[in-house]
Amino acid sequence: MIPFADLKAQYRSIKGEIDAAVAQTLESSQFILGREVAAFEEEFAAFQGAAHCAGTNSGTSAVHLALLAAGVGPGDEVITTPFTFVATVAAILYTGARPVYADIDAETYNIDAAKIAATITPRTKTIMPVHLFGQPADMDPILEIARRHGLTVIEDACQAHAAEYKGRRVGSIGDIGCFSFYPGKNLGAYGEGGCVTTNNPELARTVRLLRNWGEESRYHHVLRGFNYRMEGLQGSILRVKLRHLERWTEAKRRLARVYARELEGAGVRLPREREWARHVYSVYAIASEARDELQRELTAAQIQTAIHYPEPIHAMAPYRDEAFPRGSLPVAERAAGRVLSLPVYAELSEVQAREVASAVKLAAAVQAK
Ligand SMILES: *Cc1c(COP(=O)(O)O)cnc(C)c1O
């Protein structure tokens, strides 16, 4: 069986370093924020090419705090993509603002910058592109629209650690960036975790205050804040894993090249890396008209796959908004019915990737008959 992900294999490959870091943190007993988190923040900021990084207890909290630091609140509108993990939109709603959707680009599944201008109203405050599956959204036209209308840009980079747009790492191309360290992400904690990155010292200061009860000094609260702090153990684990991230990212990119080579002409749509992008393949999504059948065939062949995501947000009952009925965002709706994610992780061998590709080819050929 080829699993969709294998967190145990990754742990075994770095067990010595992880166990030592955990033991040291237990000894220090700095369980909340503390030295390890501060060191991780510095190292991750340098890794992403941002001036500041503030650790949080999840990616969702990071997006929530980024929005609050940008001044987003009730009555505001935030333009984003309907084809994302639910947290992007949930965090907008936490602030009291309203999510407004621009449809996606059919090839990259990212927000289509050309469709943003038509969604701007006097209430628009922020544009929040998502670097979906590990490929950056086309930031230059987004920044240009934002500049013209005086809007902030928040990057949801929760799937895009080490991804690059025109040679720059994501996370501080806009005003503020958000990352998730959920275990299944490209850089995963052993529990929950996230962070905010920015080049703006004021935004960084606000996020640091908000994640820790708005506390400036002990029991002196200058903002209404949250308990969104990163744990010391996660900081120490993330420091160890960050040292391997570049190697893991290159391994994923190698596997993506194997899939691209093997699946050429197989009758499924392959992910397209734009010429200006470094795609980090948080998800390797192919697309097929007969997606469900293809997934069934692969399951029968002992190959686990996943679907990111079976429904765009505006089609989910709890997130319905009459301004965005079914049919109003056709590219996202079509993508949700066709995408299928193949296994892609550093511990997957090229032999296994070829095995996955063969099974996809076989199933697609049978369907074509
Ligand atoms: C994972 C993810 C989040 C939320 O991160 P958590 O750490 O799970 O809270 C937000 N946005 C996107 C695009 C994600 O993939």
Side-chain angles (χ1 to χ4, degrees), residues 4-5 7 37 40 44 53-68 72 78-95 99 101-102 104 108-111 126-137 139 142 153-163 170-171 174 176-197 207 210-211 226-231 233-235 237-238 241 252 279-285 306-314 316 319 332 335-336 339 341 344-345:
F4 182 69
L7 296 181
V37 170
F40 171 70
F44 191 70
C53 168
T56 60
N57 62 342
S58 75
T60 307
S61 303
V63 181
H64 186 194
L65 295 189
L67 288 160
L68 291 176
V72 173
V78 177
I79 298 169
T80 192
T81 165
F83 196 53
T84 179
F85 180 58
V86 67
T88 310
V89 171
I92 295 169
L93 290 164
Y94 294 166
T95 70
Y101 304 110
I104 59 169
T108 62
Y109 309 112
N110 275 321
I111 194 166
T126 296
I127 306 173
M128 183 152 67
V130 177
H131 304 314
L132 199 76
F133 302 158
Q135 170 148 255
M139 292 301 289
I142 295 172
V153 175
I154 298 177
E155 297 170 66
D156 182 339
C158 285
Q159 302 183 1
H161 322 74
V170 298
I176 200 163
C178 316
F179 291 85
S180 164
F181 304 121
Y182 178 79
K185 301 287 162 95
N186 274 11
L187 177 59
Y190 289 162
E192 306 273 4
C195 78
V196 165
T197 52
V207 169
L210 288 174
R211 75 172 172 184
F226 302 83
N227 176 357
Y228 280 179
R229 298 169 300 226
M230 180 179 275
E231 294 189 348
L233 281 171
Q234 304 309 337
I237 288 161
L238 287 165
K241 293 184 71 173
K252 291 184 123 189
H279 193 325
V280 296
Y281 299 99
S282 179
V283 166
Y284 188 94
I307 296 173
H308 301 90
Y309 297 92
E311 265 190 316
I313 311 296
H314 69 287
M316 297 177 178
Y319 294 94
V339 287
S341 312
V344 63
Y345 40 94

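We count ligands from 1, going down the list as the structure has it; atoms in each ligand are counted the same way.
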Q) Can V153 and M139 be said to form a side-chain contact (heavy atoms from CB on, under 4.5 Å), step by step? A) CA-CA 9 Å; V153 175; M139 292 301 289; 3.8 Å; yes
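We find the CD1-CD1 distance between I79 and I154 to be 12.5 Å, quoted to the nearest 0.5 Å.
L187 has its side chain within reach of F44: a pair of non-hydrogen atoms, C-beta onward, lies under 4.5 Å apart. The side-chain heavy atoms of F181 and K241, taken from C-beta on, include no pair separated by under 4.5 Å.
Ring pair F226/H64 is perpendicular by interplanar angle, where above 60° counts as perpendicular and below 30° as parallel.
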Show the short N or O contacts, below 3.5 Å, that ligand 1 makes with protein N or O atoms; if there are none, say 'none'.
unit_1	atom_1	unit_2	atom_2	d
ligand 1	5 (O)	S180	OG	3.3
ligand 1	7 (O)	G59	N	2.8
ligand 1	7 (O)	S180	OG	2.6
ligand 1	9 (O)	G59	N	3.3
ligand 1	9 (O)	T60	N	2.8
ligand 1	9 (O)	T60	OG1	2.5
ligand 1	11 (N)	D156	OD1	3.3
ligand 1	11 (N)	D156	OD2	2.8
ligand 1	15 (O)	Q159	NE2	2.8
ligand 1	15 (O)	K185	NZ	2.9

Validation: residues 129-136 side-chain donor-acceptor distances under 3.5 Å, sequence neighbours left out:
unit_1	atom_1	unit_2	atom_2	d
H131	ND1	A137	N	3.0
H131	NE2	E155	OE1	2.8
Q135	OE1	R274	N	2.9
Q135	NE2	R272	O	2.9

